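Reviewing the structure listed below.
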Amino acid sequence: MTTSAPQILDLMSEIVGTVQGHRDGHGFVQADDGDASVFLPPQEMRSVMHRDRVKVRVVRFDRRGRPEGLVLDIIERRKTPIIGRLLQEGGAWLVAPEDRRFGQDILISPKGTANAEPGQVVAVELTEAPSLLAKPVGRVVEVLGGIDDPGMEIEIAVRKYEVPHRFSDATLAQAAKLPEKVRATDKKQRIDLTDVSMVTIDGEDARDFDDAVYCEPATIGRAKAPNGWRLLVAIADVSHYVKPGEPLDLDAYERATSVYFPRRVIPMLPEKLSNGLCSLNPDVERLSMVCDMLVTADGDVHAYQFFPAVIRSHARLTYTEVAAILGNTRGPEALRRPELLPHLLHLHEVYRALLKSRSGRGAVDFDTTETQIVCDDNGRIAKIVPRVRTDAHRLIEECMLAANVCSADFITRAKHPSLFRVHEGPTPEKRQLLRNYLKALGLGLSLGEEPQPGDYQAIAQAVKDRPDVTQIHTMMLRSMQQAIYTPTNSGHFGLAYEAYTHFTSPIRRYPDLLVHRAIRSVVRSRLDTPHVKRAGAASMPKAKIYPYDEAALEQLGEQCSMTERRADEATRDVVNWLKCEFMKDRVGENFPGVI
């Protein structure tokens, strides 16, 4: 993927962009095109608000050469409500925005409070924009409740970050008309795999199950005995139920991802699909798209095929349970699943082979410790514990990586447009910052002009026993560019893949649904593509399945990348809120920490 050069600004240059406020009162205008950013002093921020689109002129440069702007025109005011706490000061009503990037309190007329009480959290709609001489004026359009109400942090976050959290009436009506179970007509032209002992392996609190796996020994080539494995990864066939342009699809596109908060999920699809028809629940028939792979002893995918199927998950397993079974094949957990034990052991074998291949590619693997928030019945944090990754987690991860790579290869070979998951290496500036950091630590390690994933992995291995390993890994992660969705394939630097897509989670990620549609389009179109295995598939016009050109895919990639960042920001906001809530009764105590 080519990156546009930063826009060079001169005195009197004019740009159009979006205002990014700062809690200290100043702000910036981020240009619509290019990387240009113009500073707005507090005086200029008095007439605009965070997220307004404006036209500015560069009027001076500071000592470091950074441009400072004058607002010429306000092109578009933000229209979404602002969330804050209703206050009464000196007889006047006002709302203090929870997002301090807005920088100004909003005056509320006595008739515009919607009977909210002082201290309550409300949503405000502006009725008068701010000016150099006057504060913004608004009216309360929604009363969310008290600041200490359970779940209030989530109610604030979904509105603060504009996360869609209500399905349209049309979507709910369409979902209501869907069948309760897989019908005979749905199973036509699909391979019946209901007798295959597929299982799902997820966390204890998971409610939607995208993927099921199965593995058995296989003979590859002319060998006379098994010398590899057949690995099946079955993914919920959301594309069968969610068609382009229909209400379900429009709402899914707007959300583009499920958002996972502690104790609450804002799903991409209505519950009837996400927890019902499209969830690979145990002991029920479900439609799926299967990636059927032959994996060698060295962990290379020797061959693969994709086909639509009907499956029946034989068990809903948890990471904890599978880790216990793999750790002790004669323990109580293993004794409860005697019929599945051989298949789980084969999955563990293929995982170790795939891991061997990952190491050979030089893929970057930072062993960072994530935290898990354990909440009580009121949604408050009961404790914060390290999230332990076991072989069960890694097993599923490697199986999903393999299926994702096969989907990218399948689409590329068919020369079919699609969205790729692209992760580019460090920019020259970030590369130099990392070099300086490593040099300052006296590590004697550095990066070349064109660093490869293996160079990063070598550094990660060299520092793994240092007490500051977490900080070093964090700096290395920050030096790499953010992963995005784009129709232009530039490979995945961190995973050391030439082409990579997201195929394995169409219940909760819109890019995966698009990849399913692309695969479905190849498998079921009338195109006579020699390398394509069309097992069980009937012909179907391509336009009906995949009505996207290059421009549409560019827009889809931008939407999916933006909503991913939005979900991360909203989740991080809620977690930080809960952590502050957790620590507020411990003021004055000492705790070890890392800066």
Side-chain angles (χ1 to χ4, degrees), residues 20-27 49-51 80-89 94-106 116-124 140 142-163 165 203 205 257-266 368-388 470-471 473-475 477-478 563-595:
Q20 301 292 326
H22 191 278
R23 62 175 61 243
D24 291 341
H26 61 265
M49 299 190 76
H50 175 61
R51 301 290 299 278
T80 53
I82 298 170
I83 309 302
R85 294 181 70 180
L86 183 66
L87 305 173
Q88 191 173 31
E89 296 182 357
L94 57 88
V95 166
E98 198 279 331
D99 188 344
R100 298 312 299 172
R101 289 177 295 182
F102 285 105
Q104 302 184 63
D105 292 339
I106 302 165
E117 298 178 1
Q120 285 189 310
V121 180
V122 297
V124 175
V140 175
E142 184 181 11
V143 181
L144 302 183
I147 193 67
D148 294 322
D149 288 354
M152 180 53 64
E153 67 283 350
I154 297 175
E155 296 296 333
I156 291 174
V158 296
R159 291 164 176 80
K160 175 179 174 180
Y161 293 97
E162 300 175 24
V163 176
H165 57 287
D205 55 353
T257 182
S258 295
V259 186
Y260 292 85
F261 297 110
R263 288 181 56 87
R264 182 179 170 189
V265 178
I266 309 294
T368 55
T369 301
E370 297 181 1
T371 55
Q372 179 180 2
I373 292 178
V374 180
C375 295
D376 59 22
D377 293 337
N378 294 319
R380 301 303 182 196
I381 296 182
K383 57 184 177 180
I384 302 175
V385 296
R387 187 184 295 274
V388 179
T470 301
Q471 297 96 299
H473 283 183
T474 299
M475 291 300 293
L477 278 169
R478 288 180 179 175
T563 52
E564 180 184 42
R565 293 191 296 271
R566 179 178 69 188
D568 287 343
E569 290 172 354
T571 304
R572 192 179 305 117
D573 203 320
V574 167
V575 168
N576 288 339
W577 177 301
L578 290 172
K579 285 180 178 178
C580 290
E581 180 85 8
F582 182 65
M583 296 301 292
K584 71 179 184 180
D585 296 329
R586 293 167 171 80
V587 175
E589 297 182 39
N590 293 323
F591 297 90
V594 176
I595 297 176

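Side chains included, hydrogens not; waters and symmetry mates left out as well; all remaining heavy atoms used. If you're wondering where the values come from, they're calculated on a predicted model, not measured in any experiment.
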CA sep, side-chain torsions, deciding dist, call: Val265, Val259, side chain to side chain contact (heavy atoms under 4.5 Å, CB included): CA-CA 6 Å; Val265 178; Val259 186; over 6 Å; no
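- Both the sub-6.0 Å distance and the 45° axial angle are not jointly satisfied by Arg264 relative to the ring of Tyr260.
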Full working for side chain to side chain contact (heavy atoms under 4.5 Å, CB included) between Ile381 and Glu581: CA-CA 8 Å; Ile381 296 182; Glu581 180 85 8; over 6 Å; no
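- Using a distance-only test at 3.5 Å, with no hydrogens or angles considered, no donor-acceptor pair links the side chain of His50 to the main chain of Phe102.
- Using a distance-only test at 3.5 Å, with no hydrogens or angles considered, a donor-acceptor pair links the side chain of Asp149 to the main chain of Gly146.
- Ile156 has its side chain within reach of Trp577: a pair of non-hydrogen atoms, C-beta onward, lies under 4.5 Å apart.
- Between Thr257 and Glu564, the closest side-chain pair of non-hydrogen atoms is not below 4.5 Å.
- With salt bridges taken as basic N to acidic carboxylate O contacts below 4.0 Å, one links Arg51 and Glu162.
- With contacts defined as side-chain heavy-atom distances shorter than 4.5 Å, the pair Met152/Val121 qualifies.
- Ion pairing between Glu155 and Arg159 holds under the 4.0 Å rule for side-chain N and carboxylate O.
- Taking CG of Asp573 as the reference point, atom CG of Asp568 lies at 12.5 Å (rounded to 0.5 Å).
- Within the 4.5 Å cutoff, no side-chain heavy atoms of Glu117 are placed close to those of Leu86.
- Considering only heavy atoms from C-beta on, Leu578 comes within 4.5 Å of Pro262 through its side chain.
- Taking the charged nitrogens against the carboxylate oxygens, Lys160 and Glu98 do have a contact shorter than 4.0 Å, which makes a salt bridge.
- Atom CD of Gln372 sits about 9.0 Å away from atom NZ of Lys383, to the nearest 0.5 Å.
- Screening Val140, Leu144, Ile82 for a side-chain contact (heavy atoms from CB on, under 4.5 Å) involving Val122 leaves a single residue, Val140.
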Pair Val158-Ile266, side chain to side chain contact (heavy atoms under 4.5 Å, CB included): steps then yes or no: CA-CA 9 Å; Val158 296; Ile266 309 294; 4.2 Å; yes
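- Of the possible donor and acceptor atoms, one in the side chain of His165 sits under 3.5 Å from a partner among the backbone N and O of Val163.
- Minimum heavy-atom separation, Ile106 to Pro97: CD1-CG, 4.3 Å.
- Side-chain contact between Asp99 and Tyr161 is absent, with no heavy atoms from C-beta onward closer than 4.5 Å.
- Nearest heavy-atom pair across Ala157 and Ala570 is CB-O, 4.0 Å.
- Side-chain atoms of Phe591 and Arg586, non-hydrogen and from C-beta on, do get closer than 4.5 Å to each other.
- Counting heavy atoms of neighbouring residues, nucleotides and ligands inside a 6.0 Å radius, atom CZ of Arg478 does not exceed 12 of them.
- In this structure, Thr371 and Lys579 have side chains that are in contact, with non-hydrogen atoms separated by less than 4.5 Å.
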